[in-house]
Amino acid sequence: MNMHATGFIDTARWAGKAYISDWQASSAGTIDVSDPSNGNILASVGLCGPTDIARAAKEAKDAQKAWAKALASERAAILNKAADLLEQNGDELASWIIRETGSIHAKAMIEIEHGALFIRHAASLATQPMGIFLSGMDERTNYARRVPHGVVGVISPFNFPLVLSVRSIAAALALGNSVVHKPDPRTPISGGIIIARIFEEAGLPRGVLHVVPGGADAGEALCSDPNVAMISFTGSAGGGAKVGEICGRHLKRVQLELGGKNALIILDDADLDIAASNAAWGTFLHQGQICMATGLILVDERIEQDLTERLVAKANRLPAGDPSTGQVALGPIISDAQVQNIQKIVDDAVAKGAKLLAGGTHDRRFYAATVLSGVKPGMLAFEEEIFGPVACIASFKSDSEAVELANSSDYGLAAGVISGNMARAMAIGDQLNVGQLHINDQTVNGGPYAPFGGRGKSGNGTRVGGPADIEEFTQWQWVSVKPTATPYPF
Ligand code: NAD
């Protein structure tokens with residue numbers, strides 16, 4: 001262990017640097033990382049460009065073969081140790097997540113706890129059976145085994161940076177790949193430095209993991225690098241389309257985990273207090289900056305008014321402010337540009353006839369919990385992922401209309417259906433075009449044991465987590481073995 005007075009994170013070790021086999025200066029200078037609540041500079045990290053990516057990818061390739069050959073139990077032990085370190089230093093590391101990403105304490109702790117769970121789940125994959133014997137076509141022995149891809153490039157977003165990075169990194173490592181990871185340049189500490197630190201202290205061999213903070217240019221260099229065999233991308237549909245295009249050009253496997261416009265359907269037989277609480281959590285957690293946030297609240301018209309009143313009362317009781325200094329429910333939005341985008345979507349809805357019943361305003365980056373009713377197709381609020389704390393209520397007359405409205409989105413990530421009648425809710429759920437369906441729950445649900453991913457514009461049909469990890473982060477190799485070589489007609 002090598003920890004300085006600055007605690008586990010040990011700022012002096014990595015300030016101004018990237019992790020390319022070790023903590024080193026990068027070629028493109030440094031990034032000042034700021035607190036979105038107040039603009040205070042928290043630290044600086046190395047900014048990586050294509051040269052750094054190429055170096056990291058080469059060193060990752062050189063290290064991968066020995067890592068894949070290490071005993072599965074050794075790989076698992078290193079991962080479990082990294083999970084222990086994350087938990088043991090949870091309070092300290094959560095304080096970085098709170099300041100860097102604008103998270104309330106509860107959300108930061110979800111990242112720590114789920115981060116550790118994802119790493120432990122990945123550790124358990126290392127010792128799973130990795131092959132099958134095949135029926136014989138002749139006297140030879142045939143089997144098929146799962147082998148690592150080689151170097152996996154991971155690209156992750158700002159909103160849940162620790163969990164969304166570690167869920168791919170840990171699974172890839174456990175299954176014998178090495179990793180070059182590019183976190184979002186706005187959250188390189190929660191999404192990168194913390195991960196490098198726990199794996200460094202856990203004894204991961206040199207060269208197996210690299211953390212290269214950078215922008216889209218660094219991400220694109222990772223996608224086209226010849227030493228990188230697979231890209232695991234989590235981010236926007238626009239970014240994902242670009243990444244998919246580059247990976248296609250280079251015939252590279254790509255996993256795309258993208259955005260969502262997730263419907264929560266509330267039927268007329270639902271308990272309204274519970275339904276309103278689900279709608280508020282799904283919409284407002286982390287200021288709505290979650291891919292599976294409840295983007296559309298579809299309510300039976302018979303209960304619309306009662307449900308809306310309850311949700312408005314909740315929105316008015318959720319204060320927004322700096323989560324590192326106050327007891328708030330909502331922290332800041334990640335950037336000024338994103339605040340303006342939220343405002344544009346709210347204003348568009350109001351201009352087209354929606355009713356603004358709460359919020360709709362912001363103080364600097366603190367956007368108030370907002371409720372819009374009468375949201376309809378044709379409004380941006382109905383169609384677009386907002387990534388802000390805006391509850392968009394639309395009503396329906398029948399269960400079939402609810403299904404039609406929910407499925408009208410180009411996205412297909414998550415949906416929830418709440419009803420007093422489980423069979424009725426499941427009959428509706430069966431018709432929804434989504435990767436995650438939650439009966440009697442809101443849309444924000446994730447965890448290491450479930451395969452998570454989207455349909456339509458939410459992804460390319462890949463999944464991360466649970467049984468999907470072995471499918472995603474390894475590939476089949478058919479091996480046939482003859483006792484001795486035999487002649488052919490030629
Ligand atoms: P973004 O696509 O702009 O950025 C995500 C990451 O991709 C960042 O690291 C960014 O630097 C990188 N990137 C951007 N353009 C790139 C390019 N051309 N080539 C390579 N890399 C590139 O996303 P964002 O707006 O910052 O993040 C929010 C989005 O992520 C939302 O749409 C959200 O729904 C989505 N998201 C999806 C999931 C999921 O699991 N499905 C989870 C969280 C967030």
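One-based numbering, in listed order, for ligands and for the atoms of each. Since the structure is predicted, the reported quantities are computational estimates derived from the model, not experimental observations. Residues take their numbers from the sequence shown, with the count starting at 1.
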*asked:* I'd like to know whether Y19 forms a side-chain hydrogen bond (donor to acceptor under 3.5 Å, both in side chains) with Q24, so could you lay out the CA-CA distance, the side-chain angles of the two residues, the decisive distance to 0.1 Å, and finally the verdict.
replied: CA-CA 6 Å; Y19 191 67; Q24 311 199 12; over 6 Å; no
*Check N159 against ligand 1 and report side chain, backbone, both or neither, counting heavy atoms closer than 4.0 Å.*
side chain
_Whether S224 side chain and E220 backbone form a donor-acceptor pair below 3.5 Å_ = yes
*Under 4.0 Å from ligand 1, counting heavy atoms only, is it the side chain of Q338, its backbone, both or neither?*
neither
_Element-labelled atoms of ligand 1 that are located less than 4.0 Å from some non-hydrogen atom of V243_ = 19 (N), 20 (C)
_Among all protein heavy atoms in this structure, tell me which lies nearest to atom 41 (N) of ligand 1, with the distance rounded to 0.1 Å._
L258 O, 2.6 Å
_Could you measure the distance from the CG atom of D322 to the CZ atom of F366? Nearest 0.5 Å is fine._
5.5 Å
*Heavy atoms only: which of G215, S156, G219, G214 is nearest to atom 8 (C) of ligand 1?*
S156
*For T443 and T294, indicate whether the former's side chain and the latter's backbone hold a donor-acceptor pair under 3.5 Å.*
yes
*State whether the side chain of S165 and the backbone N or O of G191 hold a donor-acceptor pair below 3.5 Å, judged by distance alone.*
yes
*Between R186 and ligand 1, which part of the residue brings a heavy atom under 4.0 Å of the ligand: side chain, backbone, both or neither?*
side chain
_Top protein contact for atom 24 (P) of ligand 1, by heavy-atom distance_ = F158 CE2, 4.0 Å
*Would you mind listing which atoms of ligand 1 come within a distance below 4.0 Å of any non-hydrogen atom of F452?*
40 (O)
*asked:* I'd like to know if the side chain of N445 reaches the main chain of Q442, judged simply by a donor and an acceptor atom lying under 3.5 Å from each other, with no hydrogens or angles considered.
replied: yes
*Less than 3.5 Å between some nitrogen or oxygen of G239 and one of ligand 1, yes or no?*
no
*Might you confirm whether atom NZ of K376 has over 12 heavy atoms from other residues, nucleotides or ligands at distances under 6.0 Å?*
no
*Under 3.5 Å between some N or O of ligand 1 and some N or O of S458?*
no
*Between D410 (side chain) and E384 (backbone), is there a donor-acceptor pair under 3.5 Å?*
no
*Look at the side chain of N89 and the backbone N and O of L85, then say whether any donor-acceptor pair between them is shorter than 3.5 Å.*
yes
*Can F160 be said to touch ligand 1, with heavy atoms closer than 4.0 Å?*
no
*How close does the nearest protein non-hydrogen atom get to atom 14 (C) of ligand 1, and which residue and atom is it?*
A216 CB, 4.1 Å
*Identity and distance of the protein heavy atom lying nearest atom 40 (O) of ligand 1*: R167 NH2, 2.7 Å
*Write out the residue and atom name of the closest protein heavy atom to atom 4 (O) of ligand 1, then the distance separating them to 0.1 Å.*
D184 OD2, 4.3 Å
*Under 4.0 Å to a heavy atom of K242 - the qualifying atoms of ligand 1, by number*: 18 (N)
*Is the closest basic N to carboxylate O distance between K344 and D348 below 4.0 Å?*
no
_Taking the basic N atoms (NZ, or NE/NH1/NH2) and the acidic carboxylate oxygens, is any pair closer than 4.0 Å for R463 and E471?_
no
*For atom 28 (C) of ligand 1, the protein heavy atom that lies nearest, with its residue and separation*: F387 CE2, 3.6 Å
*Taking atom 38 (C) of ligand 1 as the point of reference, which of P185, A241, C291, P188 owns the nearest heavy atom?*
C291
*Working for side-chain hydrogen bond (donor to acceptor under 3.5 Å, both in side chains), residues D52 and S27*: CA-CA 6 Å; D52 307 293; S27 71; 2.7 Å; yes
*May I ask you to check if R146 and W476 form a cation-pi contact, with NZ or CZ under 6.0 angstrom from the six-membered ring centre and within 45° of the axis?*
yes
*Do side-chain atoms of R253 reach the backbone of E472 as a donor and acceptor pair under 3.5 angstrom?*
yes
*asked:* Using a 4.0 Å heavy-atom cut-off, which part of E385 comes near ligand 1: side chain, backbone, both, or neither?
replied: side chain
*Any idea which part of L164 is under 4.0 Å from ligand 1, heavy-atom wise: side chain, backbone, both or neither?*
side chain
*Relative to atom 23 (O) of ligand 1, which among G260, S236, G191 owns the nearest non-hydrogen atom?*
S236
*Is there a donor-acceptor pair closer than 3.5 Å between any side-chain N or O of T370 and the backbone N or O of A368?*
yes
*Tell me, please, which residues at least two apart from Q436 pass side chain to side chain donor-acceptor pair (under 3.5 Å).*
none
*Looking only at distance, does T234 have an N or O less than 3.5 Å from an N or O of ligand 1?*
no
_Min heavy-atom dist E245 to ligand 1 below 4.0 Å_ = no
*asked:* Any nitrogen or oxygen of G235, side chain or backbone, less than 3.5 Å from one on ligand 1?
replied: yes
*asked:* Considering non-hydrogen atoms of the protein only, which is the closest contact for atom 10 (C) of ligand 1, and what is the distance?
replied: K182 NZ, 3.8 Å
*Answer yes or no for K457 and Y411: cation-pi contact, defined as NZ/CZ to six-membered ring centre under 6.0 Å and angle to ring axis within 45°.*
yes
*Do me a favour and list the nearest non-hydrogen protein atom to atom 7 (O) of ligand 1 with residue, atom name and distance?*
F233 CE1, 3.1 Å
*asked:* I need the atoms of ligand 1 closer than 4.0 Å to a non-hydrogen atom of E257, numbered in the order shown.
replied: 37 (C), 38 (C), 39 (C), 40 (O), 41 (N)
*Which part of I155 is near ligand 1, with near meaning a heavy atom under 4.0 Å away: side chain, backbone, both or neither?*
side chain
*asked:* Tell me whether ligand 1 is touched by C223 - counting only heavy atoms on the residue side and a distance under 4.0 Å.
replied: no
_If we set the cut-off at 4.0 Å for heavy atoms, which region of E220 has an atom near ligand 1: side chain, backbone, both, or neither?_
both
